[in-house]
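The chain is numbered in sequence order, starting from 1.
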Amino acid sequence: MSEFNISTPEALHGDPFTMIGKEWMLVTAMKEDGSVNTMTASWGGVGILWNKKVAFVFIRPQRYTKEFIDAQEHLTLSFYDESHRKELAYFGKASGRDEDKIEKAGYHTIKENGYAYFSEANTVLKCKKLYAQYLDKECFLEKDLIEKNYPQNDFHMMYVVEIENVLVK
């Protein structure tokens with residue numbers, strides 16, 4: 001039985017600048033065969049777009065998790081308290097191509113209706129993909145951002161996702 005309660009996006013426990021930028025989040029997706037991968041992210045946001053409550057996340061093309069995100073219509077964004085900092089740092093560095101990092105971190109996967117997330121989270125955004133596009137070098141108005149963030153020209157894919165449900169402990 002899940003320890004989570006269904007809530008609304010309006011009831012999020014903190015501000016998104018802290019939740020995403022300082023506390024970080026895990027972006028998690030599950031392929032049709034039930035395999036799951038996750039990665040730590042600290043770039044993204046939440047807001048209103050197309051009259052929907054949305055989140056947006058950015059994934060570099062070389063990340064293994066991108067294959068999982070692209071394979072399905074759903075993904076989750078999950079948030080943790082400070083006691084999980086070590087695991088979140090590990091999820092950001094290790095690749096699921098090389099090892100079962102979820103098992104190695106000791107996390108417990110919950111799979112339901114095409115979503116995957118972890119029982120260790122305190123908040124989970126269950127999301128449906130709406131839009132995906134690579135950032136375009138020509139569209140940067142502040143050109144030094146390219147040099148600073150994309151020295152290898154590995155521009156992020158931006159995903160806009162509708163927040164369908166929020167789970168909280």
Next on the checklist: Which heavy atom of E164 sits nearest to which heavy atom of H74, and what is that distance?
Outcome noted: OE1-CD2, 3.3 Å
Next on the checklist: With a sphere of 6.0 Å drawn around CG of D33, does it hold more than 12 non-hydrogen atoms of other residues, nucleotides or ligands?
Outcome noted: yes
Next on the checklist: Please say yes or no: joined through hydrophobic side-chain contacts below 4.5 Å, possibly via intermediate residues, are L75 and I59 part of one cluster?
Outcome noted: yes
Checklist entry - Distance-only, no hydrogens or angles: does the K101 side chain make a donor-acceptor pair with backbone N or O of S95 under 3.5 Å? => result no
Checklist outcome for this item: Looking only at heavy atoms, the pair that brings F56 and V46 closest together is CE2-N, 4.0 Å
Checklist entry - Does a side-chain heavy-atom distance below 4.5 Å link M25 with V57? => result yes
Checklist entry - Can any side-chain N or O of K22 pair as donor or acceptor with the backbone N or O of M19 at less than 3.5 Å? => result no
Item to check | Salt bridge present between R97 and E67 (N-O < 4.0 angstrom) | outcome: yes
Next on the checklist: In the structure I gave you, are the side-chain heavy atoms of R60 and F155 within less than 4.5 Å of one another anywhere?
Outcome noted: no
Checklist entry - Minimum heavy-atom separation for V166 to I163, with atom names? => result CG2-CG2, 3.8 Å
Checklist entry - Can you find a heavy atom in the side chain of V160 that is under 4.5 Å from one in the side chain of W50? => result yes
Item to check | Among L26, I20, L88, side chain to side chain contact (heavy atoms under 4.5 Å, CB included) partner for F79 | outcome: I20
Next on the checklist: Is it the case that the side chains of Y107 and T109 hold a donor-acceptor pair, with the cut-off being a distance below 3.5 Å and no angle test?
Outcome noted: no
Item to check | Among I6, N122, N5, L125, the one residue meeting side chain to side chain contact (heavy atoms under 4.5 Å, CB included) with L167 | outcome: I6
Checklist entry - More than 12 non-hydrogen atoms from neighbouring residues, nucleotides or ligands closer than 6.0 Å to NZ on K169, yes or no? => result yes
Next on the checklist: Under the criterion side chain to side chain contact (heavy atoms under 4.5 Å, CB included), I'd like the reasoning laid out for F118 against I102: C-alpha separation, chi angles, the key distance, then a yes or no.
Outcome noted: CA-CA 9 Å; F118 307 105; I102 296 167; 3.6 Å; yes
Checklist outcome for this item: d(F140 CZ, E147 CD) to nearest 0.5 Å is 12.5 Å
Item to check | Side-chain heavy atoms of E142 within contact of D144, under 4.5 Å | outcome: yes
Next on the checklist: Do K31 and F68 form a cation-pi contact, if we require the NZ or CZ to be under 6.0 Å from the six-membered ring centre and within 45 degrees of the ring's axis?
Outcome noted: yes
Checklist entry - Can you find a heavy atom in the side chain of F58 that is under 4.5 Å from one in the side chain of Y159? => result no
Item to check | Under 3.5 Å donor-acceptor, K129 side chain and I69 backbone | outcome: yes
Checklist entry - Is M30 linked to Y115 within one hydrophobic cluster, defined over Ile, Leu, Val, Met, Phe, Trp and Tyr using a side-chain heavy-atom separation of less than 4.5 Å? => result no
Checklist entry - Any ion pair linking K104 and E99 (charged N to carboxylate O, less than 4.0 Å)? => result yes
Item to check | Non-hydrogen side-chain atoms of W43 and H156 separated by less than 4.5 Å | outcome: yes
Next on the checklist: With heavy-atom distances below 4.5 Å as the criterion, would you say the side chains of N37 and T28 are in contact?
Outcome noted: no
Next on the checklist: With a 6.0 Å cut-off (strictly less than), is the heavy-atom count around NZ of K111, excluding the residue itself, greater than 12?
Outcome noted: yes
Checklist entry - Are side-chain N/O atoms of D154 and Y134 paired as donor and acceptor at under 3.5 Å? => result no
Checklist entry - In terms of heavy-atom contacts, does CD of Q62 have more than 12 from other residues, nucleotides or ligands at under 6.0 Å? => result yes
Checklist entry - More than 12 foreign heavy atoms under 6.0 Å from NZ of K86: is that the case here? => result no
Checklist entry - Sub-3.5 Å donor-acceptor pair from the side chain of T65 to the main-chain atoms of T38, do we have one? => result yes
Checklist entry - Under a 4.5 Å side-chain heavy-atom rule over Ile, Leu, Val, Met, Phe, Trp and Tyr, are M157 and V161 clustered together? => result yes
Checklist outcome for this item: Of all heavy-atom pairs linking F91 and A105, the shortest is CZ-CB, 3.5 Å
Checklist entry - Does the pair E10/K53 count as a salt bridge with the N-to-O cut at 4.0 Å? => result yes
Checklist entry - Would E120 and H84 count as having a side-chain donor-acceptor pair, cut-off 3.5 Å? => result no
Checklist outcome for this item: Between V27 and A41, the two heavy atoms sitting closest are CG2-CB, 3.8 Å
Next on the checklist: Can you confirm if the NZ or CZ of K126 lies within 45° of the ring axis of Y117 and under 6.0 Å from the centre of its six-membered ring?
Outcome noted: no
Checklist entry - Between NZ of K128 and CD of E162, what distance do you get to the nearest 0.5 Å? => result 6.5 Å
Checklist entry - Is the closest side-chain heavy-atom distance between L77 and V124 below 4.5 Å? => result no
Next on the checklist: I'd like to know whether L135 forms a side chain to side chain contact (heavy atoms under 4.5 Å, CB included) with Y150, so could you lay out the CA-CA distance, the side-chain angles of the two residues, the decisive distance to 0.1 Å, and finally the verdict.
Outcome noted: CA-CA 11 Å; L135 297 181; Y150 301 103; 3.4 Å; yes
